[in-house]
Amino acid sequence: MITLHHCVSARSFRPLWALEEIGVPYELKMLPFPPRVFARGFKDVNPLGTIPAFEEDALFMTESSAICQYLAARYSPGALDVAPHEADFGRYLNFLHFGEATLTFPQTLVLRYAHLEPPERLQPQIVDDYARWFHARLRTLAPLLAAQPYLCAGRFTAADISVGYALMLAELLDLSDGFAPSIAEYWRRLREREGYLRAIGAQEAAALAQDVPTTPAPRLRP
Ligand SMILES: N[C@@H](CCC(=O)N[C@@H](CS)C(=O)NCC(=O)O)C(=O)O
């Protein structure tokens, strides 16, 4: 049985979306964000204190893109996964990791210094610098997405989940006004997917059932 520890609309949304696209059964354990402040017992599950935390029997994973890669390879060959014999295998891996390492990294600085820290620790210069960083890197995808509907392999893959989550977070952070038209259109396509809509529904239902706020991230306590 798979267990996913998740906070509303945090990076753990990537594996949640993958699970819903694939249709494998799982248990969703909701936490208030950030767990290291509001759910201290969570460190017994994941000493890093971060989400996602993913368990399947003896397996334990904490990297959102790696969990998507695992789920795709294990449960979705030929669909969410791109196999080594396919021409786009390398491009698939690159986009899968680009979503987290290049796009989400600057966003987390915007999240922290525009939204999470107490007022006296907010850092507008950092927010501005890393918002620009995010848009500059995202723009590199615009010509590709003007020419094709998905990132690689001629189909929707786990790489689209990885990059798609960065677009979802950009919207939550009010960064989506800067999307190039082809990226805005790509994001609209992704948001209309049944798997995405099921994942949104699953996190809302689980948050209500488990008495966790359904809105993302309150400010950190000073
Ligand atoms: N590279 C990791 C990052 C995990 C991570 O930092 N998650 C954030 C949520 S989006 C978190 O748990 N933050 C809580 C904290 O830093 O206390 C991944 O892709 O899953």
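Read the numbers this way: they start at 1 and go in the same order the structure lists the ligands and their atoms. Keep in mind it's a predicted model, so treat the numbers as computed, not measured.
Nearest non-hydrogen protein atom to atom 1 (N) of ligand 1 is Glu63 OE1, 2.7 Å. Closest protein heavy atom to atom 13 (N) of ligand 1: Phe33 CE1, 3.7 Å. In terms of protein heavy atoms, atom 4 (C) of ligand 1 is closest to Ile51 O, 3.5 Å. For atom 5 (C) of ligand 1, the closest non-hydrogen atom on the protein side is Arg11 NH1, 3.3 Å.
With respect to Leu173, the side chain to side chain contact (heavy atoms under 4.5 Å, CB included) criterion is satisfied by exactly one of Thr108, Leu111, Val127: Leu111.
Under a hydrophobic-cluster definition in which Ile, Leu, Val, Met, Phe, Trp and Tyr are linked whenever side-chain heavy atoms come within less than 4.5 Å, directly or via other members, Leu31 and Ile200 are assigned to different clusters.
Residue contacts with ligand 1 for Ser64 involve both N, CA, C or O and side-chain atoms from C-beta outward (heavy atoms, distance under 4.0 Å).
Between Phe95 and Tyr150, the distance from one ring center to the other does not fall under 6.0 angstrom.
Within the listing of ligand 1, atoms 15 (C), 16 (O), 17 (O) sit less than 4.0 angstrom from a heavy atom of Arg36. Close contacts of ligand 1 with Pro52, meaning ligand atoms under 4.0 Å from a residue heavy atom, involve 20 (O). Contact atoms of ligand 1 toward Thr62: 20 (O) (distance under 4.0 Å to a heavy atom of the residue).
Phe42 does not carry Arg36 over the face of its six-membered ring by the limits of under 6.0 Å from the centre and within 45° of the normal. Under a cutoff of 6.0 Å and an axis angle of 45°, Arg137 and Trp133 form a cation-pi pair.
For ligand 1, one of its N or O atoms has an N or O atom of Glu100 under 3.5 Å away.
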May I have the step-by-step check of salt bridge (Lys or Arg N to Asp or Glu O under 4.0 Å) for Arg193 and Glu20, ending in yes or no?
CA-CA 10 Å; Arg193 293 188 64 81; Glu20 286 294 345; over 6 Å; no
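Residues Val45 and His5 are in side-chain contact: their nearest non-hydrogen atoms beyond the backbone lie under 4.5 Å apart.
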